[in-house]
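Notes to accompany the following structure.
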Amino acid sequence: MSEELSKQYNPKETEAKWYETWEKNNLFSARISPDKLPYSIIIPPPNVTGILHMGHALNNSIQDILIRYKKMRGFQTLWMPGTDHAGIATQNVVEKALAKEGLKRQDLGRDKFIARVWEWKEQYGSTIIHQLKKLGCSCDWNRLRFTMDTDYSTAVTEVFVRLYEKKLIYQGSYIINWCPRCQTALSDEEASHSELEGHLYYLKYPLKDNSQEFITVATTRPETMLGDTAVAVNPKDERYKKFIGKLLILPLVNRQIKIIADHSIDMEFGTGAVKVTPAHDPNDYALGKKHNLEFINVMTVDGKINNVVPKYLGLDRFKAREQILEDLKTLGLLDKVTPHTLSAGHCYRCHTIVEPYLSKQWFVKMKPLAKPAINAVKRGKLKFYPARWTKVYLNWMENIQDWCISRQIWWGHRIPVYYCKNCNAKNSKNGIIVSRTKPLMCPKCKSTDLIQDEDVLDTWFSSWLWPFATFYWPKENADLKYFYPSSTLVTAPEIIFFWVARMVMAGFEFKKQLPFKDVYIHGTVRDVEGKKMSKSLGNVIDPLEIISEYGTDALRFSLISITSQGQDVFLSKERFEQGRNFANKIWNASRFILLNLKPEEINVDLCIFSKNQKLNIANAWILSRLYSVLEKVEKDLESYKFNEAANSLYSFFWHEFCDWYLELIKPEIKQKETQVVMYKILEKYLRIIHPFMPFITEEIWHLLPNTEGSILEKKWPHLQKELINLKVEQQIQLAFDIINTVRNMRAELEINPASRVDINLSLPDKLTGKTIEPLLNYIKNLAKVESLNIIDNYLPQKNQYVVVLKDLQIIMPLTGLVDIEDQLKKTQIKIDKLQSEIQKKELMLANKNFSERAPKEIVDTEKNKLAEMQTQLIKLGAIKNGLR
RNA sequence: GGGCGCAUAGCUCAGUUGGUUAGAGCGCUACAUUCACAUUGUAGAGGCCAUAGGUUCAACUCCUAUUGCGCCCACCA
């Protein structure tokens, strides 16, 4: 069989095959196992409109690594998958499709339009799911959820009703961000600000009493002047004191407006006099409320001027700006125009400049919800990796604003509010009915003339329930009890506010519990120049293209290995060659082993060798390396340092296992001990790297003798510390031999540099033949030796190891070998330091202020740390003695 | 205005609670080619770890300031 294996690893052939097998055998499905600890991850649901980009690839590779790792470590894992209905995004996509037929959504009407959206979803909505499968994601697909599922809607409605009953949801007219293209309100988070090169226009408003006298105001949006209802100045401003209380005539409109005084006005900016447009600016809105001004809306929902001044009726807001400026200029009322950079909100979906717009919307009162979410983080119950995001989160939470949750679109969860026309006619406050199901009649007047609120809820109003609504909350089923709260949330920094923070709030409000324990925030994937990858910039590297060219394992491994914790990822296509080459290296090393393996020789437990310490040096060394890498990988994965784990695995396999070990053992490859060690190393290594590279490991696993079933179902290798400890003794022995050789050589050269030096070298097999000649010459020149003898082609006879000479120093090719004296010194320093730290810790713990007042968990962790340090100290002591 | 991150080899980046000789990948140079793997191997060149101070026996690592780049939040009449 082995002879048939191709020289190159072919990912295409294996990947589809194994994913199908995993799915068919239900390897991803999670059931409640009372004897196991649960480990669950709830996927950040991609938009149904989504197609896989590098951000997804990174995000989901990380989750898959965690899930596969934890599963192998014996947890009952669950990776809950799903998609988000993505209100505006999806509606836009379907509207675009309609536009091709020359239709608008209004032409179809609400019900038919929504039917079209569902149709679209059935047809295209699972694209992203198929792509996640190509990425190897081990989600439990049987549980696939969608934020518009019927029972998911039940949860959303339930939450709305509960919050309304708690008076945490209210309706009101406020200035919100309005997208004139999407014709809907947007939350503050959905209106992303960016800088614009604009102008500051100075407009002259004549006084009523004396039309030759003016007050000049500065504005960036002159078209809103049609809605001005005051001009405000600072009461301390000497320039304007005398005008306070007087009236102005608003040009073009000819409305009388008052000059008011307010301390909030910055005297330095512009002219120090501000036009006040309460219906079109949040600050002016506040001023309007405070000073009882009139609120005059000058725009229609699509961003055109309304009939406030008939001349401008129907003009687009930017056209109107030009027209108004021209008209003012004609009247001599445009004082000057200066360049001015300003930042304006843009719709996060269509990038149209949003208009601050006065309208009636639903809001969630956030301050009470934020409280427990703040405390949990402050008390360390919820941890961010990397920790710096904690600050960002807290800062936002502590300054949280109310959340505008109504959207004037059709695709989404309809607001469960009904209006009684009869009651409304009398008093608008009486006519509101908030209900889980559509009420048959008005509870007050028994009228059946009810209509439901036209608006739908913000997409994030459903997403923030994701960690428990996916378990069919508000039903309290067994899965919810077992798998909730989830263990880790893996996500991108962009959605900390949108999503992470709100999930924490929802978790506390509705489940009295955190939704997850750890939040791992990975970086943003950027191109080589540091720009965000986006279609419009044309700098996208398509993960699917990489998969078909280099394979999924290569994609995953490369991506992970360059993602250091929380740092943005700068990506170029060449990066993936490394992953492909590595997969190929694993393939060929395995092929080599398979070609040389005698299956009947390997039915032996490693312990036989390790206990008797009969292992030869190469075998002992590689085993010790394997287990130290295993230890490091475990540590790295537990602290979310995926790149470090990946890089350790890479350099171990390539530069230690392949470059040195496999070369060293070639002459004795048929020996039983070598057969066993070689096999065990490969077999264990495959298990360790499986979470990173699931496909190639599964493929090789099935080629190996004595392996059954999927590698995914195998246990994670047990960390045999005694084998690492063996390393120390072996190392010491080795190092002594080497150092002595060097010392002898040096001594001889120093005494008589011209004296004849003979060196006997043992060299690995691969350095024989033509390869060795230039090397030998090199050594001869450097060491100025007369003769260089090669002792057969392999070692390890007594006191002879692989050595290469460089500048008269001997470099041990076997990693981890060090100068004994150096090692001693280092160890001593470490011991000293540890001892002083232990003293400090002991003092701290002995301090009553600390032990009695600090939270118990903190005291406990400090105690644990102390214990750890003490064991560490003992270990160091032992090492020191060994060195001596 | 507030906050955060980054500055290390030609390029892209690692660097584990400070420890003496700073690493990887790519690229470059020389050599090797029936041998598991050219998606390879061996060796090599290439670093005032942004700048200036400070703490320390010891600083790429900690502190302060400066410069440059990037990001987030708030405000901007």
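Hydrogens, waters and symmetry mates are skipped; everything else that's a heavy atom, side chains included, is used. Numbered from 1 within each chain, the chains take letters A, B, ... in sequence-line order.
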message = Ring-plane angle category for A:F576 and A:Y550, please: parallel below 30°, perpendicular beyond 60°, tilted otherwise.
response = parallel
message = Here's a test for you: under ring-ring contact (aromatic ring centres under 6.0 Å, His included), which of A:F642, A:Y385, A:F384 qualifies with A:Y520?
response = A:F642
note = Any strand, both distances under 3.5 Å, Watson-Crick or G-U wobble: B:U39 pairs with none
task = Using the C1' atom on both, measure B:A43 against B:A58 and round to a whole Å.
result = 34 Å
inquiry  = What contact category does A:I265 fall into here, base, sugar-phosphate, or nothing, at under 4.0 angstrom with non-hydrogen atoms?
reply    = base
query = How far, in whole Å, is B:C35 from B:G41 if one measures between their P atoms?
reply = 16 Å
message = Under 4.0 Å, counting only non-hydrogen atoms across every strand here, what does A:N399 touch: a base, just sugar-phosphate, or nothing?
response = nothing
query = Quantified in whole Å, what is the C1' atom distance between nucleotide B:G15 and nucleotide B:U8?
reply = 9 Å
ask   = Mind checking who B:C60 pairs with, Watson-Crick or G-U wobble, both distances under 3.5 Å?
value = none
message = Please identify which of these residues, A:K275, A:R317, A:R321, meets the salt bridge (Lys or Arg N to Asp or Glu O under 4.0 Å) condition with A:E223.
response = A:R321
query = Counting any heavy atom closer than 4.0 Å, what does A:T220 reach on the DNA or RNA strands: base, sugar-phosphate only, or nothing?
reply = sugar-phosphate
ask   = Could you state the interatomic distance from CD1 (A:I622) to CE (A:M678), rounded to the nearest 0.5 Å?
value = 12.5 Å
ask   = Base, sugar-phosphate, or nothing for A:Y650, non-hydrogen atoms under 4.0 angstrom?
value = sugar-phosphate
query = When we call it a touch if two heavy atoms are under 4.0 Å apart, what does A:K391 touch: a base, just sugar-phosphate, or nothing?
reply = sugar-phosphate
request  = Name the closest nucleotide to the A:N588 side chain, picking from B:A36, B:C72, B:U40.
outcome  = B:A36
request  = Classify the nucleic acid contact of A:E644 as base, sugar-phosphate or nothing, counting any heavy atom under 4.0 Å across all strands shown.
outcome  = sugar-phosphate
request  = Using a 4.0 Å heavy-atom cut-off across all strands, classify A:K585 as base, sugar-phosphate, or nothing.
outcome  = base
query = Who is the Watson-Crick or G-U wobble partner of B:C28, with both distances under 3.5 Å?
reply = B:G44
task = Remember a base hit wins even if backbone is also touched, and classify A:Q8 as base, sugar-phosphate or nothing at under 4.0 Å, heavy atoms.
result = base
request  = Would you mind pulling out the nucleotide paired to B:A65, Watson-Crick or G-U wobble, both distances under 3.5 Å?
outcome  = B:U51
B:A14 pairs with, by Watson-Crick or G-U criteria that keep both distances under 3.5 Å = none
ask   = Given the C1' atoms of B:U56 and B:U64, what is the spacing between them in whole Å?
value = 16 Å
